[in-house]
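Lettering follows sequence order; numbering is per chain, from 1.
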Amino acid sequence: MVAKTDKKDGVIGVVLVTHGTFGETLLQAAETVMGPQENCLAVGVDVNKGVDETLEGVRKAIHSVEQGKGVLALTDLFGGSPTTMSLSLMKSENLEVITGVNLPMVVAALQARSMKLPELAEKVMNAGQQGIKVAGAMLRKKAKK
Amino acid sequence: MTLVRIDNRLIHGQIIETWLPYTGAKNVVVANDELAHDILQQEIMSLAIPQAVKSSFVTVEEVPAIMSRLFSAPGDHDSIILFSSCADARRAFDSGFDFHVLNIGNVHYSPGKRQVSPSVALSDEDETCLRHLNRKGVELDFRCVPNDPVQVRF
């Protein structure tokens with residue numbers, strides 16, 4: 001049996017835009033859980049480089065994952081330059097930007113890329129919030145029952 | 001669909017995020033002699049399982065009886081059955097748990113084992129178990145996650 005890879009037409013592109021190599025490593029972690037993925041890229045923002053150069057890098061990444069269904073940009077810090085740079089591309093690209101990226105969000109994004117962009121954005125945001133638990137407290141509560 | 005799998009780590013991220021949605025399974029059965037007696041470890045492992053999915057922890061010996069009860073009860077029978085070793089999967093099969101496809105997901109490397117894929121390393125004993133199952137008609141499916149291309153020749 002040959003497993004199908006993600007070659008279906010028209011999935012939403014995913015770009016991780018973060019400080020340094022955070023996004024790249026996060027994507028590797030997601031691929032450990034989900035297997036190899038297509039049409040997703042990580043771009044690291046090097047604050048020592050010029051803004052124009054970096055912005056061009058982000059734009060290129062968006063174009064290379066865009067398949068006509070739009071692109072989801074996952075950024076790290078609300079207010080940080082990876083976020084503001086991504087936001088500045090919203091005018092020219094079919095782009096949604098979500099901040100506060102964590103592993104549950106990347107996994108959720110890669111799971112449901114045939115959704116429409118606004119719905120996927122909602123799902124990814126929820127997954128990110130629901131992925132944060134005081135798991136020790138949950139376990140203690142369960143043990144009490 | 002029902003999935004029978006060997007995975008050293010039993011329930012973990014790959015199971016929760018890929019195999020559960022892929023199979024649509026409503027039951028996860030962990031067959032492991034140590035875990036069957038370790039309530040704390042069971043609770044830790046079941047924390048992330050979605051509420052609609054039922055998990056149970058049984059000894060390898062109990063598997064044939066548990067599975068035939070599960071398959072004859074009303075409700076959704078699709079299940080993921082997890083073993084931590086090739087030997088445990090063989091033991092369950094030989095004692096009457098009948099399955100046709102065995103997924104080999106994660107079998108960790110240790111010295112003396114042969115690496116057959118990035119996630120699977122087999123000892124001589126593992127190979128003996130798998131060949132035995134294969135001779136009995138069990139198809140061997142070497143995939144870590146559902147969309148892995150199958151590249152192992154065994």
Side-chain angles (χ1 to χ4, degrees), chain A residues 1-9 11-12 14 16 25-40 74 101-115 119-120 123-145, chain B residues 1-5 7-24 38-52 55 57 100-106 108 117-120 134 138-154:
Chain A
M1 183 180 149
V2 177
K4 278 182 204 145
T5 51
D6 240 7
K7 276 200 175 128
K8 277 170 285 169
D9 283 346
V11 296
I12 289 175
V14 175
L16 279 70
T25 309
L26 199 52
L27 192 52
Q28 274 172 19
E31 287 188 317
T32 306
V33 177
M34 305 287 296
Q37 300 290 323
E38 289 177 354
N39 300 307
C40 56
L74 300 170
V101 66
N102 59 19
L103 189 53
M105 290 166 74
V106 183
V107 167
L110 298 176
Q111 263 173 349
R113 294 162 74 188
S114 46
M115 277 179 146
E119 279 99 74
L120 182 64
K123 179 186 141 87
V124 167
M125 181 188 71
N126 289 335
Q129 292 171 343
Q130 281 159 18
I132 300 171
K133 311 264 192 218
V134 184
M138 282 172 75
L139 194 62
R140 280 193 294 277
K141 211 163 133 195
K142 232 179 146 181
K144 259 193 205 160
K145 267 188 212 161
Chain B
M1 65 179 272
T2 287
L3 175 82
V4 182
R5 172 171 168 104
D7 193 322
N8 283 165
R9 290 186 281 161
L10 298 167
I11 301 176
H12 61 107
Q14 288 167 353
I15 305 293
I16 305 279
E17 302 293 350
T18 67
W19 288 105
L20 269 180
Y22 180 80
T23 56
D38 187 340
I39 307 289
L40 176 66
Q41 206 54 41
Q42 290 179 16
E43 289 192 338
I44 291 172
M45 277 201 175
S46 3
L47 269 184
I49 292 186
Q51 279 189 340
S55 60
F57 294 82
H100 308 292
V101 181
L102 177 64
N103 170 253
I104 299 103
N106 288 295
H108 292 177
S117 82
S119 64
V120 177
N134 197 220
V138 176
E139 184 191 323
L140 303 176
D141 164 33
F142 289 87
R143 277 185 299 163
C144 190
V145 290
N147 64 356
D148 261 353
V150 181
Q151 74 275 73
V152 173
R153 277 173 186 275
F154 182 73

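- Residue A:Pro36 comes nearest to B:Asn147 through the heavy atom pair O-ND2, 3.7 Å, listed as atom of the first residue, atom of the second, then distance.
- At distances below 3.5 Å, at least one donor-acceptor pair connects side-chain atoms of A:Gln111 with backbone N or O atoms of B:Glu17.
- With a 4.5 angstrom heavy-atom cutoff, A:Val107 touches chain B only via side-chain atoms.
- Nearest approach of A:Leu139 to B:Leu40, heavy atoms of both residues: CD2-CD1, 3.9 Å.
- Contact of B:Ile15 with chain A is not made at all, since no heavy-atom distance falls under 4.5 Å.
- Atom-to-atom distance recorded for A:Arg140:CZ and B:Glu43:CD is 13.0 Å, nearest 0.5 angstrom.
- A 4.5 Å side-chain heavy-atom check between B:Leu47 and A:Met138 finds at least one atom pair inside the cut-off.
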